[in-house]
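In what follows, a structure is listed as structure tokens, so that the remarks can point back to it.
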Number of protein chains: 2
Amino acid sequence: MATIKDVAKKAGVSITTVSRVLNNHPHVREETRQKVLDVLRELNYVPNANAGSLARKSTSIIAVLVPDITNTFFTTLLRGIEDKACENELLVILGNTDEDPSKEQIYIHKFLERRVDGLIVVPVENRRKNLKIIQRHEIPFVLVDRRVEGVDADFVGSDNYQGARLLVNHLIELGHRDIAMLSGPKEVSVFRERVEGFLSAMRDKNIPVKPEFILYGQKPIKEIGYNLTCRLLSYKTRPTAIFAANNSLAVGTVTALQQAGLNVPRDLSVTCFDDNDSNSFKPFFTSVIQPAYMMGYVAAEILIKRLKNNKKGQANKILMQTELVKRYSTAPGPAGIAD
Amino acid sequence: MATIKDVAKKAGVSITTVSRVLNNHPHVREETRQKVLDVLRELNYVPNANAGSLARKSTSIIAVLVPDITNTFFTTLLRGIEDKACENELLVILGNTDEDPSKEQIYIHKFLERRVDGLIVVPVENRRKNLKIIQRHEIPFVLVDRRVEGVDADFVGSDNYQGARLLVNHLIELGHRDIAMLSGPKEVSVFRERVEGFLSAMRDKNIPVKPEFILYGQKPIKEIGYNLTCRLLSYKTRPTAIFAANNSLAVGTVTALQQAGLNVPRDLSVTCFDDNDSNSFKPFFTSVIQPAYMMGYVAAEILIKRLKNNKKGQANKILMQTELVKRYSTAPGPAGIAD
DNA sequence: GTGAAAGCGCTAACAA
DNA sequence: TTGTTAGCGCTTTCAC
């Protein structure tokens, strides 16, 4: 591949001049510029961005880390990030951690080696270790969706506590009392918050919560949702409604229920956080929707601002509101609908 | 961030020696190695991969270009690629073209600038231009899913022609005669092949095909599927079955049908290519499934082989078999089931 | 076993 | 307006 040197020689100018026309610097005579432009074309010149980054000490790349790239919530988030990044001529590189802390660590390391300008990360769990590595090297990053204790960084999330309350209040209004909650790992902030919202809504209405009705899965994925639901079904007294902490868990829940010959919502109501599938022709779940696209967009915005302002300033903490969307997975419970 | 120079100075050795221990070269005294290792840790040294790439003239990065990152088919493909790449310590960077040729061009350019070692691309359309750019710079790449006329490159796809025949034969067996086909753009090979498969299966059974029953969309996405289906429904004689060329079109189709008060499969049968949602608890569509994961894995395998063998050798052309999966979107048609 | 030095392709003072 | 030069952080040849 042709280098800037080749171009300079052929155009009969110095490499500095070529560099100037490549970067649209002023103070280049129109005639010279044209000549260089011609040679550029003639040689099919493609600048080596790595060499440029090395010299410029900045890559114009931001890295994004998500726990599950097959989850609509994260792909939508990603799209928000990409759009904002694109507006600012930044390249986005993506890592999929699969909810695995060691994968997270590997990706973070690779991204640091590539000297990305900044990162946007949905952290896998509550261990500060991986994030501290980023901080130690003073690379700006923003946390999305999940907080991590002891890490003071920009954060964009949604009001999980309030969202969970919306969902639970809806179930209570439908007449449900025996409500079970399927949570993701305790270590992840969003799941703790959703459980707390659940508990508070129940407390407000003086409805007792059976301890065995709160189940924590190691990962918020459908296989785990399936297993936990089977456990619920094995109880002598079963819940009449299940609140799954995310979309994937809910899918596992419904799978287990169907397999047990139970109809949703006739026999049991099911609710969850987030949409399950962007492609669905008939969204099924009554759920609380987070503004995923906006969360990504804003996260990128904050990161970019930091990149431009030389990383200064206090951490931003942004909390977005959620919305309850009633659909087909919930129905009146045994207590009947309250007025 | 600490550089190799800092490490060398602090360890009292030359940068060459540091480089040697970083790359596990032999001929380093164990004592020296240990000392360097200690300093490496002490300074939290993270090698600059861009500088390394520049010197080594290879980045160990491969780029992947897909048309729609929200489509399960492509995310599954991607996962296959990633797994194989990971085995070989390659970093994958992703571009989402949104079926837009100009986005494709932009990404290809960015990837070339970053000097990726190779690319895996699901091309947007049948224009050679973007791919010729890659070829001109002699960067290895493999085409996946879609072929491009006039481009002789490694290719991994599936037997769309045969897959379409499976689907159509199934519909015919169910007693359907008035079968409509919703295709993606003519310019994309897979859609041409699926239409041809459709036509050949109909011809084999001597069933006439109404020209107005073959509709081409500009993009294979649900919005277009919706529009085309509305067009079908406006005809005086409607089809009794619709063959959507991919999963997203099919979702649009069902949406339109539901909106028109039609039940699938009672009033109309619908089939398509590929699964619609990896997360579904009750896959709905009778469809032909391509081995997406395997396609990605094999594509990466071929690319990596080429990277190692110095790019030599004739182009591989791999065609994988598809599988018909009968589910809930098809039912017997007016002619009744054939024996 | 170890180091000096050249070079990868580019940017950015500084001079002219 | 243009060119010279010194890096950016690393690899690698060659000599010791």
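Because only heavy atoms are used, hydrogens play no part in the values below, and waters and symmetry mates are left out as well, while side chains stay in. In what follows, every chain begins at residue 1, and chains take the letters A, B, ... in the order their sequences are listed. All figures in this text were calculated on a predicted structure; none of them were measured in a lab.
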Remember a base hit wins even if backbone is also touched, and classify [X] as base, sugar-phosphate or nothing at under 4.0 Å, heavy atoms.
X	answer
B:T3	sugar-phosphate
B:N50	nothing
A:I15	base

Legend entry - Start and end of chain B contact along DNA chain C [non-hydrogen atoms, under 4.0 Å]: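 From 5' to 3', the first and last contacting nucleotides are C:dG1 to C:dG9.
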May I ask you to decide if [Y]'s main-chain N or O and [X]'s side chain share a donor-acceptor pair within less than 3.5 Å?
X	Y	answer
B:S60	B:L90	no
A:N71	A:F73	yes
A:E104	A:V124	yes
A:S189	A:R147	yes

Inset, instruction - Could you identify which residues of residues 52-61 of chain B place a heavy atom less than 4.0 Å from some atom of DNA chain C, listed by residue number, or say none? - result: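 Under 4.0 Å from DNA chain C: B:L54, B:A55, B:K57.
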Legend entry - Sub-4.0 Å heavy-atom contacts from residues 34-47 of chain A onto DNA chain C, ordered by number: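 Output list: A:Y45, A:P47.
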Return yes when atom [atom1] of [X] has more than 12 non-hydrogen atoms of other residues, nucleotides or ligands closer than 6.0 Å, and no otherwise.
X	atom1	value
A:K132	NZ	yes
A:Q218	CD	no
A:K317	NZ	yes
A:K110	NZ	yes

Inset, instruction - Sequence neighbours left out, what pairs pass side-chain hydrogen bond (donor to acceptor under 3.5 Å, both in side chains) with at least one residue falling in residues 298-309 of chain A? - result: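 Residue pairs passing side-chain hydrogen bond (donor to acceptor under 3.5 Å, both in side chains), neighbours aside: A:N88-A:K308, A:D154-A:R306.
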If I take atom [atom1] in residue [X] and atom [atom2] in nucleotide [N], what distance separates them, rounded to the nearest angstrom?
X	N	atom1	atom2	answer
B:H27	D:dC16	NE2	P	19 Å
B:D6	D:dC8	CG	P	10 Å
B:R20	D:dT11	CZ	P	11 Å
A:L112	D:dG9	CG	P	15 Å

Inset, instruction - Please determine if A:E125 and A:R146 form a salt bridge, counting it only when a charged side-chain N lies under 4.0 Å from a carboxylate O. - result: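 A salt bridge is absent here (no side-chain N lies under 4.0 Å from a carboxylate O).
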Strictly below 4.0 Å: does [X] bring a side-chain N or O up to OP1 or OP2 of [N]?
X	N	result
A:R29	D:dT2	yes
A:T17	D:dT2	no
B:S19	D:dT12	no

Inset, instruction - For the residue pair A:R114 and B:N48, confirm or rule out a side-chain donor-acceptor distance under 3.5 Å. - result: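 Side chains of A:R114 and B:N48: no pair found under 3.5 Å.
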Legend entry - Distance-only donor-acceptor check, side chains A:R115 and B:N50, under 3.5 Å: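 Side-chain D/A pair, A:R115 to B:N50: absent.
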Legend entry - Degree of bending, the helix from C:dG1-D:dC16 to C:dA16-D:dT1 (end axes from five pairs; round to 10°):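 One end's axis against the other's: 40°.
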Inset, instruction - Tell me, please, which residues at least two apart from A:D38 pass side-chain hydrogen bond (donor to acceptor under 3.5 Å, both in side chains). - result: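 Not a single residue meets the side-chain hydrogen bond (donor to acceptor under 3.5 Å, both in side chains) criterion with A:D38.
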Legend entry - Base D:dG9 to side chain A:R115, donor-acceptor N/O within 3.5 Å cut-off: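 Side chain to base: no pair below 3.5 Å.
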Legend entry - Matching residue for A:Y293 among A:L77, A:I81, A:V298, A:D83 - test: side-chain contact (heavy atoms from CB on, under 4.5 Å):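 Between A:Y293 and the candidates, side-chain contact (heavy atoms from CB on, under 4.5 Å) is satisfied uniquely by A:D83.
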Inset, instruction - Return the 5'-most residue of the pair B:V28, A:T16 with respect to DNA chain C, ranking by each residue's nearest nucleotide. - result: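 Going by which nucleotide is closer to the 5' end, it is B:V28.
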